[in-house]
Amino acid sequence: MEKAGGGPIEAQDEIFMREALDEARRAWEADEVPVGAIVVRDGVIIGRGYNCPISTHDPTAHAEIVALRDAARRLGNYRLTGCQLYVTLEPCAMCAGAILHARIARVIYGARDPKTGAHGSVVDLFDERRLNHHTAVTEGVLAVACGEMLSRFFAERRKKSIVDEN
């Protein structure tokens, strides 16, 4: 398989990223920034989440955190060793920290985030050798679809804002 962002793209990556995109659509339907995430263990989805900080009044309710919480509840363990996290957008520093603390084995994401990305766009917490846990990262899986969803969402929001001002 070809390399993307330091890790190999595996056969199931596009399938699972489409599931994360479905979660992102749910965020959009709730008028939240459309980012979605899923946690997979042994080929089975054990956690789902989408951005919902506005509706939940919770600044930590990013898609990754919601999916990690869902998976941890299902497993009855805050350690998610052997799990993979699929997310439509490069994780921020908060989410990267949670991913590392949960001991996620591999993160697979779609679009890069030039404003808050913690896999090299702004900082690279996943490559910080001083940390005691390391997570493999694969970037760019369905990057165009993931990026286009975000672009369309913000274009619609800007258009609505202009209409509301008039």
Main-chain N/O of [Y] paired to [X] side chain as donor or acceptor, under 3.5 Å:
X      : Y      : result
Glu32  : Ser55  : yes
Thr116 : Cys92  : no
Arg79  : His101 : yes
Asp58  : Pro53  : no
Asp13  : Glu10  : yes

Report yes if the side chains of [X] and [Y] come closer than 4.5 Å at any heavy-atom pair, otherwise no.
X      : Y      : value
Val137 : Tyr109 : yes
Val33  : Leu150 : yes
Cys146 : Leu89  : no
Asn77  : Leu80  : no
His62  : Val35  : no

Which heavy-atom pair separates [X] from [Y] by the least distance, and what is that distance?
X      : Y      : value
Arg106 : Ile9   : NH2-CA, 4.4 Å
Ile46  : Arg41  : CD1-CB, 3.9 Å
Pro34  : Met149 : CB-SD, 3.8 Å
Ile108 : Met17  : O-CE, 3.5 Å
Ile104 : Cys83  : CG2-O, 3.5 Å
Glu90  : Arg112 : OE1-CA, 3.4 Å

- Task: Evaluate whether atom CZ of Arg130 has more than 12 neighbouring non-hydrogen atoms of other residues, nucleotides or ligands under 6.0 angstrom away.
- Result: no
Look at the side-chain heavy atoms of Ile, Leu, Val, Met, Phe, Trp and Tyr, link any pair under 4.5 Å apart, and say whether [X] and [Y] land in one connected group.
X     : Y     : answer
Tyr86 : Leu68 : yes
Leu75 : Val40 : yes
Met94 : Ile99 : no

How many angstroms lie between atom [atom1] of [X] and atom [atom2] of [Y], to the nearest 0.5 angstrom?
X      : Y      : atom1 : atom2 : value
Arg74  : Asp70  : CZ    : CG    : 4.5 Å
Asp127 : His119 : CG    : NE2   : 7.5 Å
Leu142 : Glu148 : CG    : CD    : 11.0 Å
Tyr50  : Ile38  : OH    : CD1   : 15.5 Å
Arg103 : His133 : CZ    : NE2   : 6.0 Å
Leu100 : Cys95  : CG    : SG    : 11.0 Å

- Check against side-chain hydrogen bond (donor to acceptor under 3.5 Å, both in side chains), Thr60 and Arg69: CA-CA 11 Å; Thr60 69; Arg69 288 175 178 160; 3.1 Å; yes
- Is Asp31 salt-bridged to Arg26, going by a charged N under 4.0 Å from an acidic O? no
- Item | Sidechain N-carboxylate O distance under 4.0 Å for Glu14, Arg18 | yes
- Item | Ring centres under 6.0 angstrom apart (His134, Phe126) | no
- Pair Thr135-Leu85, side-chain contact (heavy atoms from CB on, under 4.5 Å): steps then yes or no: CA-CA 10 Å; Thr135 298; Leu85 182 128; over 6 Å; no
- Query: Is the Phe153 ring parallel, tilted or perpendicular to the Trp28 ring (thresholds 30°, 60°)?
  - Reply: perpendicular
